[in-house]
Amino acid sequence: MTTPHERVFAAVAAIPAGCVASYGAIAAQAGLPGRARWVGRVLAAAPAEAALPWHRVLRADGHLAFAPGSAAFEAQRRRLEAEGVELVRGRVPRAHFARRQDLDRWLWAPRDAAETAAAPRADAARKPRRK
DNA sequence: AGAGTGACTGCAG
DNA sequence: ACTGCAGCCACTC
């Protein structure tokens, strides 16, 4: 059967191009709520052959998990920008976060709908923060 | 066995 | 917005 490890891979692979998801969301999607750190560990150990869109996974607040300026940070930022996802004031706008159902649709599971937990408002049509 | 360490998170100050 | 802190849990000394 599917191992937690495989479910994490599947969840990451299910993130649509141009979208992102948090470590916690991936963990929850893989049936491991509360284990965001473990997801980070799995991705760090993931072989390049897996060709996972690891760059679409970031912190819940929109910040990349790597230290700003580090090689890994820049690499991830480049990959995101290549898909049209740009950092605004150092973070990815909530509007880019994939929604629960977007991931479910790719995975299979109607599963529930009960826990529509983090349903981020998908607009973000706000004024340009003065200056 | 026990302490330290994160590709994390949410809450508190 | 930033800093700390408590939970979190696998893994490494």
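Order of the sequence lines sets the chain letters (A, B, ...), proteins ahead of strands, with each chain counted from 1. Any value given below was found using the heavy atoms of this structure, including those in side chains, with hydrogens, waters and symmetry copies removed.
Close to dT9(B), at under 4.0 Å from its OP1 or OP2, lies a side-chain N or O of S22(A). Not one side-chain nitrogen or oxygen of R37(A) sits closer than 4.0 Å to the OP1 or OP2 atom of dG6(B). At the phosphate of dA10(C), OP1 or OP2 sits under 4.0 Å from a side-chain N or O atom of R35(A).
Remark: C1' of dA10(C) and OH of Y23(A) are 16 Å apart, rounded to the nearest angstrom. In this entry the distance linking CG of L32(A) with P of dC8(B) reads 16 Å, nearest Å. For I15(A) and dA7(B), the CD1 to P distance is 18 Å, given to the nearest whole Å. Taking atom CD1 of residue I26(A) and atom P of nucleotide dC8(C), one finds them 22 Å apart after rounding to whole Å. The separation between W38(A) atom CH2 and dT5(B) atom P is 23 Å, rounded to whole Å. For H63(A) and dT3(C), the NE2 to C1' distance is 14 Å, given to the nearest whole Å. dA7(B) atom P lies 9 Å from atom CZ of R59(A), rounded to whole Å. Going from atom CG of D61(A) over to atom P of dT3(C) covers 13 Å, rounded to whole Å.
Contact annotation: the side chain of L32(A) never approaches that of V39(A) to less than 4.5 Å [non-hydrogen atoms, C-beta and beyond]. Using a 4.5 Å heavy-atom threshold, the side chains of R56(A) and E83(A) count as touching. Annotation: side chain of I26(A) is not in contact with side chain of F9(A) (no heavy-atom distance under 4.5 Å).
To the nearest 0.5 Å, atoms NE2 (H63(A)) and OG (S22(A)) are separated by 14.5 Å.
By the 4.0 Å N-to-carboxylate-O rule, R77(A) lies close enough to E74(A) to be salt-bridged with it.
Using atom P as the reference point in both dA7(B) and dG7(C), the two lie 22 Å apart (nearest Å).
At the heavy-atom level, A60(A) lies under 4.0 Å from the strands shown only through sugar-phosphate atoms.
Across dG6(B), dA7(B), dT9(B), the shortest atom-to-atom separation from the side chain of R41(A) is found for dG6(B).
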